Amino acid sequence: MFGYIVVNQPELKMKEYDEYRKYYCGLCKSLKDRYGARGQISLSYDMTFLVLLLTGLYEPEKFSGSRRCIAHPASKHTYVQNEYTDYVADMNVILTYYKCIDDWDDEHMFTRKLYADVLLAGKNGRRLKEEYSQKIRSIVDNLKAISELEDAGSDDMDALSGHFGNIMAEICAPRHDEWESYLRTIGYYLGKFVYIMDAYDDIEKDIGAGNYNPFVCRLAHELDVDVQSVGVDSPIEPGKWQELAEWTKDVLMMMVAPLAKEYEMLPIIENVGILRNIIYSGIWEAYYATTNRRCGCAEDKNTDGENADK
């Protein structure tokens with residue numbers, strides 16, 4: 001879905017990565033069981049983090065098995081499921097559906113509209129809208145607020161990312177209990193991180209397509225870049241990219257610090273190595289890859305996300 005809430009695989013132990021894959025396969029199976037192949041299409045590694053987080057916090061009864069699938073037809077793969085695997089599958093489908101509708105409204109992307117219509121067709125769509133009506137209202141309202149700010153050409157990164165943070169806060173909190181505020185805070189700052197990182201990652205694409213991007217506003221207003229003339233023959237100077245990268249890293253660190261602080265206050269024992277790998281390292285992978293591509297130099301990964309709030 002996003003591609004940013006992932007593990008840093010080289011830093012994981014082999015058994016930890018195997019465990020991570022089991023939950024990923026469990027989420028895939030839940031999507032297929034509940035929504036068929038059309039649900040599986042929406043699968044991403046991002047939501048596996050939420051399955052692991054909720055499983056570690058609430059310690060539900062789990063069941064596992066092995067199966068073949070379209071992606072791995074030659075051999076069986078082990079999967080793990082529990083009640084939160086199904087909950088996250090529902091949240092994944094809801095977010096995918098309304099993001100597709102938002103893309104249709106904003107850019108008239110017909111394929112997104114078609115997929116949305118198929119995704120929630122029939123009784124599954126009715127069940128989700130009845131069971132998660134409050135969460136759906138929050139998602140719709142915040143997506144609308146983001147669209148309005150983007151249509152107005154706003155460069156208010158805090159407001160823009162905050163609305164996506166509200167969406168993720170809603171998704172990350174399945175219960176009204178003593179852990180709700182912690183989970184909402186984690187979701188809020190994770191959502192802000194994802195929105196900012198997605199915009200940072202898409203700068204060149206959005207300049208080329210003439211699409212809105214808050215970073216384009218910053219390049220023009222704060223770094224004096226003539227974005228209208230940017231192209232293959234007139235690229236943005238590496239020095240400007242470096243300035244933007246340093247500013248972005250500072251902003252992203254302000255999202256990771258409270259996220260990590262709330263996570264460390266939770267009484268989670270299971271799979272902490274995987275969860276910490278994602279929070280302190282994995283979510284930074286896209287930032288370093290994008291910055292290296294633009295600036296031509298790799299930054300030290302061990303001096304930023306790893307120490308955000310330890």
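Here, residue 1 is the first one in the sequence, and each next residue gets the next number. Predicted model, so just to flag it, every value in this text is computed and none were measured.
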Same apolar cluster: [X] and [Y], side chain cutoff 4.5 Å:
X: Tyr17; Y: Phe49; value: yes
X: Val118; Y: Ile101; value: no
X: Tyr79; Y: Tyr23; value: no

Across all chains, not counting sequence neighbours, the side chain to side chain donor-acceptor pair (under 3.5 Å) partners of Asp155 are none
Any side-chain donor paired with an acceptor under 3.5 Å for Arg127 and Tyr132? no
Distance-only side-chain donor-acceptor flag, Tyr200 / Thr291, under 3.5 Å: yes
Taking atom [atom1] of [X] and atom [atom2] of [Y], what is their separation to the nearest 0.5 Å?
X: Gln9; Y: Tyr45; atom1: CD; atom2: OH; value: 8.0 Å
X: Ile274; Y: Arg276; atom1: CD1; atom2: CZ; value: 12.5 Å
X: Tyr35; Y: Gln40; atom1: OH; atom2: CD; value: 13.0 Å
X: Leu183; Y: Met168; atom1: CG; atom2: CE; value: 11.5 Å
X: Tyr188; Y: Ser161; atom1: OH; atom2: OG; value: 6.5 Å
X: Asn271; Y: Leu52; atom1: CG; atom2: CG; value: 5.5 Å

Parallel under 30°, tilted from 30 to 60°, perpendicular over 60°: which one fits the rings of Tyr195 and Phe164? tilted
Parallel, tilted or perpendicular: which describes the rings of Trp284 and Tyr288, with under 30° parallel and over 60° perpendicular? tilted
Heavy-atom closest contact ([X] atom, [Y] atom, distance):
X: Asn92; Y: Met47; value: OD1-CG, 3.2 Å
X: His163; Y: Leu149; value: CD2-CD1, 3.8 Å
X: Glu270; Y: Thr55; value: OE1-CG2, 4.2 Å
X: Gly153; Y: Cys217; value: O-SG, 4.1 Å
X: Leu27; Y: Ser44; value: CD2-O, 4.3 Å
X: Ala173; Y: Glu180; value: CB-CG, 4.0 Å

With sequence neighbours excluded, what pairs up with Glu222 under the side chain to side chain contact (heavy atoms under 4.5 Å, CB included) test? Arg218
Under 6.0 Å between ring centres, would you say that holds for Tyr4 and Phe193? no
Is any side-chain heavy atom of [X] closer than 4.5 Å to a side-chain heavy atom of [Y]?
X: Gln134; Y: Glu170; answer: yes
X: Leu95; Y: Lys135; answer: no
X: Ile207; Y: Asn213; answer: no
X: Val51; Y: Tyr24; answer: no
X: Asn277; Y: Glu16; answer: no
X: Pro174; Y: Leu54; answer: yes
X: Met197; Y: Met255; answer: no
X: Met14; Y: Asp18; answer: yes

Apply the test side-chain contact (heavy atoms from CB on, under 4.5 Å) to residues Tyr115 and Thr96: give CA-CA distance (whole Å), side-chain angles for both, the deciding distance (0.1 Å), then the verdict. CA-CA 9 Å; Tyr115 179 52; Thr96 300; 3.7 Å; yes
Closer than 4.0 angstrom, basic N to acidic O: yes or no for [X] and [Y]?
X: Asp224; Y: Lys240; result: no
X: Glu262; Y: Arg184; result: no
X: Lys22; Y: Glu19; result: yes

Only one of Asp90, Asn124, Thr85 passes side-chain hydrogen bond (donor to acceptor under 3.5 Å, both in side chains) with Arg34, and that residue is Asp90
Under the 3.5 angstrom rule, does the side chain of [X] hit a backbone N or O of [Y] as a donor-acceptor pair?
X: Asp201; Y: Thr290; result: no
X: Tyr84; Y: Gly56; result: no
X: Asp46; Y: Gly3; result: yes

Arg175 to Tyr87 six-membered ring, cation-pi geometry met (6.0 Å, 45°): no
Is the CD atom of Glu178 crowded by more than 12 outside heavy atoms at less than 6.0 Å? yes
Steps toward side-chain contact (heavy atoms from CB on, under 4.5 Å) verdict (Leu57, Leu53): CA-CA 6 Å; Leu57 178 60; Leu53 179 67; 5.7 Å; no
Verdict with supporting geometry, Cys25 and Thr78, side-chain contact (heavy atoms from CB on, under 4.5 Å): CA-CA 7 Å; Cys25 290; Thr78 304; over 6 Å; no
Between Lys192 and Asp158, is a side-chain contact (heavy atoms from CB on, under 4.5 Å) present by the stated rule, with each step listed? CA-CA 8 Å; Lys192 294 193 75 171; Asp158 186 57; 2.5 Å; yes
